[in-house]
Amino acid sequence: MSHDTLSNTMTASEAILVVTNLPDQDSATQLADYLVNARLAACVNILAPCTSVYRWQGKVETANEIPLLIKTCRTQYAALQQAIVQQHPYELPEILCVPISTGLPAYLAWLNEETTA
């Protein structure tokens, strides 16, 4: 079977990428493990530390953070958002949802399979 054709593919419009940042490697790993084990995400990429510059409560802040790229489907978004909010150490975590317009059909099918109980 070819990677570009599967009969049971998820459409790209159902696939989403959720981005968040954690303050350290341990909290990033814990959240990623939880999301994948709970089938709220098919895959979570834990990226290299970055420096974030942002305004918070009227003051410009700088912090080292660990970005997460979370691949999931739109039907899991509400539960995923709730899990991030509950487990995130920040008062106001960054949670951004980006629709996936196109993707390898076999990968999208896998994503769907892994986020369906």
Side-chain angles (χ1 to χ4, degrees):
M1 185 177 314
S2 153
H3 285 295
D4 60 345
T5 57
L6 280 179
S7 58
N8 151 5
T9 60
M10 169 178 172
T11 66
S13 65
E14 296 167 326
I16 57 173
L17 173 69
V18 177
V19 178
T20 192
N21 288 296
L22 281 292
D24 56 61
Q25 190 70 40
D26 286 343
S27 61
T29 301
Q30 287 174 357
L31 181 58
D33 286 345
Y34 176 81
L35 296 175
V36 172
N37 283 318
R39 297 182 85 84
L40 295 174
C43 175
V44 178
N45 299 116
I46 303 171
L47 302 182
C50 69
T51 302
S52 296
V53 180
Y54 54 94
R55 185 175 306 279
W56 178 247
Q57 299 179 340
K59 217 170 102 176
V60 174
E61 302 279 346
T62 302
N64 291 323
E65 296 184 300
I66 309 295
L68 297 185
L69 301 180
I70 304 162
K71 276 78 73 163
T72 190
C73 59
R74 193 170 298 283
T75 58
Q76 293 291 32
Y77 181 76
L80 176 85
Q81 178 181 285
Q82 182 179 12
I84 293 172
V85 168
Q86 288 175 343
Q87 297 195 25
H88 207 290
Y90 292 168
E91 179 182 344
L92 179 62
E94 172 185 15
I95 304 173
L96 301 174
C97 176
V98 181
I100 296 173
S101 63
T102 304
L104 181 68
Y107 183 86
L108 296 175
W110 170 82
L111 192 157
N112 185 53
E113 183 179 314
E114 294 304 317
T115 56
T116 306

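Basis for what follows: all heavy atoms, side chains included, without hydrogens, waters or symmetry-related copies. No experiment lies behind these values; they were computed from the predicted model shown.
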For the atom pair [atom1] ([X]) and [atom2] ([Y]), what is the distance rounded to the nearest 0.5 Å?
{"X": "Leu108", "Y": "Ile100", "atom1": "CG", "atom2": "CD1", "answer": "6.5 Å"}
{"X": "Tyr77", "Y": "Thr72", "atom1": "OH", "atom2": "OG1", "answer": "11.0 Å"}
{"X": "Leu111", "Y": "Leu104", "atom1": "CG", "atom2": "CG", "answer": "11.5 Å"}
{"X": "Glu94", "Y": "Asn21", "atom1": "CD", "atom2": "CG", "answer": "4.5 Å"}
{"X": "Leu35", "Y": "Lys71", "atom1": "CG", "atom2": "NZ", "answer": "12.0 Å"}
{"X": "Asp33", "Y": "Gln30", "atom1": "CG", "atom2": "CD", "answer": "8.0 Å"}

- Kindly say whether Asp24 contributes a backbone atom to a donor-acceptor pair with the side chain of Ser27 at under 3.5 angstrom? yes
Practice prompt. Measure from the side-chain N and O atoms of Glu65 to the backbone N and O of Thr51, and report whether any donor-acceptor pair falls under 3.5 Å.
Written response: no
Any side-chain heavy-atom pair of [X] and [Y] under 4.5 Å:
{"X": "Thr20", "Y": "Leu22", "value": "yes"}
{"X": "Ser52", "Y": "Cys50", "value": "yes"}
{"X": "Ile66", "Y": "Leu47", "value": "no"}
{"X": "Tyr34", "Y": "Leu40", "value": "yes"}

* Asked: For Arg39 and Glu114, what are the C-alpha separation, side-chain angles and deciding distance, and is it a side chain to side chain contact (heavy atoms under 4.5 Å, CB included)?
  -> CA-CA 6 Å; Arg39 297 182 85 84; Glu114 294 304 317; 4.0 Å; yes
Should [X] and [Y] be regarded as members of a common hydrophobic cluster, given that ILVMFWY residues are connected when their side-chain heavy atoms come within less than 4.5 Å of each other, either directly or indirectly?
{"X": "Tyr90", "Y": "Val44", "value": "no"}
{"X": "Leu92", "Y": "Ile95", "value": "no"}
{"X": "Leu80", "Y": "Val85", "value": "yes"}

task: For the pair Ile70 and Leu17, evaluate side chain to side chain contact (heavy atoms under 4.5 Å, CB included) and give the outcome as yes or no after the intermediate values.
output: CA-CA 6 Å; Ile70 304 162; Leu17 173 69; 5.7 Å; no
| field | Verdict with reasoning, Tyr107 to Cys43, per side chain to side chain contact (heavy atoms under 4.5 Å, CB included) | value | CA-CA 11 Å; Tyr107 183 86; Cys43 175; 4.2 Å; yes
Under the side chain to side chain contact (heavy atoms under 4.5 Å, CB included) criterion, do Leu68 and Leu31 qualify, and how do the steps go? CA-CA 9 Å; Leu68 297 185; Leu31 181 58; 3.9 Å; yes
